[in-house]
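Below, each value reflects all heavy atoms present in this structure, side chains not excepted, and no hydrogens, waters or symmetry copies. In the text below, chain A, chain B and the rest are named by the order of the sequence lines, each starting its count at 1. Because the structure is predicted, anything quoted here is derived from the model rather than measured.
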Number of protein chains: 2
Amino acid sequence: MSLRHALLALLTVEPMTGYDLSKAFQASVSHVWHAPDSQIYPELRRMEADGLVVGTEVPWGPRGKKREYSVTAAGLDAFRAWMNEPLSYTRERDPAHLKAAYLEWAEPDAARAQLRAHIANFDQQRTEWLEKVREIDTGTSTMLEKRLAHAPASEHTSIRAYKRYTYEGLIARAEHEIEWAERGLDLIDDLLQADAAPPTA
Amino acid sequence: MSLRHALLALLTVEPMTGYDLSKAFQASVSHVWHAPDSQIYPELRRMEADGLVVGTEVPWGPRGKKREYSVTAAGLDAFRAWMNEPLSYTRERDPAHLKAAYLEWAEPDAARAQLRAHIANFDQQRTEWLEKVREIDTGTSTMLEKRLAHAPASEHTSIRAYKRYTYEGLIARAEHEIEWAERGLDLIDDLLQADAAPPTA
DNA sequence: GCCAACTATCTATGGGGATAGTGAGCTGAC
DNA sequence: GTCAGCTCACTATCCCCATAGATAGTTGGC
């Protein structure tokens, strides 16, 4: 139920079309939130029906048009309300750790491939987040700079700090996952070696 | 699509009823996988139709009966196949980090409550996983000991090692999340202090 | 002037999962 | 001997989301 809030979060920065939002999810904010356009467009309609956003037709080229959504006062209220209410932590599903717990069933090569894929996945995430932090620091994050432009100067430090804080946490998490998978690769080797040369004691 | 594999994983240890599986998800394996019984029973039926498991009626008390499912050879094949094929990493949704990125919208108290809830959540997980590791080490994990009883002695080291490895990773992750949230609490305080006493430079 | 690539929006279908309820039998404590 | 609490199984509904595909207009390069 919080695609809605993710959309509100992005729209607090500036009015956007469904397409813009879809791009934003695909690129910058992926791995924090993601949604296909087939989910975004209808949700925007619903949000408009609920008075959280208003859509206005904007000409696009000679004949084309697009629909740009901006947050209403009610939308801001809803977003603030969500921000002020605690999250409910639902039990998660974690296929990677599920598999790890039963790794003895996999061929050693498959087990290694699995862990390497884990590393590759989080290494890519890590790279993305590092780039985000760099953008925050150099002032080249378009979303952040737009957000700052609409906010009083007194809040700039906080806004910047929270963004950085978020991405730092994600980087640390990615690094932790990489480390864990690397220890797993070592473990596989150790177990195979122990197997090849059983204890002489 | 991998509730099915989670069920297979548990059933490789020993035959179980839907109720047993539901309990197993609620207790021990929650946070790695979780499913309500309303999902489990129909899935077991489907798995039986697909030949992955067979259910047998077992008497339970004078009049009652229960349906115990055990994995078939085809089920073992399917499980091994899944173990040997790489996971597809889908983009995840992370409400906690989404919120963190927009923390300036929350009241300071709400922000603190949010982070404290984050800490409480992962602290509880951490406690659970630590207990799991303790059970593994002391041989009091019923599931693990049953698994070992059915496995050749040569594999005992690996099985034990992979289980431990999994839980260690989860513990480290929980600790990382706690650390991150604690840094967040400090950050909130710092930003409020800076606000109260603006730079004199 | 045409084609490829991109922008923009929408619909359909199906699976997975959350939530909530029904109903039956069993067990043990009081 | 009965009531509370547990074991066991199943059903219904609704939402979220993934995937895929339809459609139409725009822009830029060759």
Side-chain angles (χ1 to χ4, degrees), chain A residues 1-7 10 15-27 29-50 53 55-69 87-95 98, chain B residues 1-8 10-11 15-27 29-50 53 55-69 87-95 98:
Chain A
M1 190 38 168
S2 77
L3 164 62
R4 174 165 294 209
H5 302 111
L7 291 172
L10 290 176
M16 286 172 128
T17 66
Y19 188 78
D20 293 334
L21 289 161
S22 171
K23 289 294 148 192
F25 278 139
Q26 273 173 43
V29 215
S30 146
H31 295 286
V32 170
W33 208 268
H34 169 260
D37 61 345
S38 61
Q39 224 191 320
I40 293 171
Y41 287 110
E43 181 65 24
L44 284 171
R45 292 280 179 190
R46 261 174 266 132
M47 287 165 74
E48 183 163 25
D50 293 347
V53 297
T56 50
E57 297 275 300
V58 173
W60 168 58
R63 256 168 326 187
K65 56 186 175 174
K66 56 187 184 175
R67 197 167 174 77
E68 208 168 57
Y69 290 91
L87 267 183
S88 68
Y89 285 82
T90 64
R91 282 153 297 232
E92 281 162 38
R93 285 167 184 86
D94 188 337
L98 173 62
Chain B
M1 188 39 168
S2 76
L3 163 62
R4 173 165 295 208
H5 301 111
L7 291 173
L8 282 175
L10 290 177
L11 290 176
M16 287 172 128
T17 67
Y19 187 79
D20 293 334
L21 289 161
S22 171
K23 289 293 149 192
F25 279 140
Q26 274 175 43
V29 216
S30 145
H31 295 287
V32 170
W33 208 269
H34 170 260
D37 61 345
S38 62
Q39 225 191 319
I40 293 171
Y41 288 111
E43 181 65 24
L44 284 170
R45 293 278 181 190
R46 260 175 266 132
M47 287 165 74
E48 182 162 27
D50 294 347
V53 297
T56 50
E57 298 275 299
V58 173
W60 169 59
R63 256 169 326 187
K65 57 187 174 173
K66 55 187 185 175
R67 196 168 175 76
E68 207 169 56
Y69 290 92
L87 267 183
S88 68
Y89 285 82
T90 62
R91 282 152 298 232
E92 281 163 38
R93 285 167 184 87
D94 188 338
L98 173 62

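Distance Tyr89(A) OH to dA18(C) P: 17 Å, rounded to the nearest Å. What separates CD of Glu57(B) from C1' of dA24(C) is a distance of 14 Å, to the nearest Å. Going from atom OH of Tyr19(A) over to atom C1' of dA5(C) covers 10 Å, rounded to whole Å. A straight line from CZ of Phe25(A) to P of dA18(D) spans 11 Å, rounded to a whole angstrom. Between Glu43(A) atom CD and dA18(D) atom P the separation is 13 Å, expressed in whole Å. Trp60(A) places its CH2 atom 13 Å from the P atom of dC6(C), with the value rounded to the nearest Å. Atom C1' of nucleotide dA9(D) and atom NZ of Lys65(B) are separated by 11 Å, given to the nearest angstrom.
The side chain of Tyr41(B) contributes an N or O atom lying less than 4.0 Å from OP1 or OP2 of dA9(D). Not one side-chain nitrogen or oxygen of Arg45(A) sits closer than 4.0 Å to the OP1 or OP2 atom of dT11(C). Here Thr17(B) reaches the OP1 or OP2 of dA9(D): one of its side-chain N or O atoms lies under 4.0 Å away.
Closest approach to the Arg46(A) side chain among dT11(C), dC16(D), dC17(D) is made by dC16(D) (side chain taken as heavy atoms from C-beta onward).
Backbone-only engagement by Asp20(B) is indicated by non-hydrogen atom pairs under 4.0 Å involving sugar-phosphate atoms exclusively.
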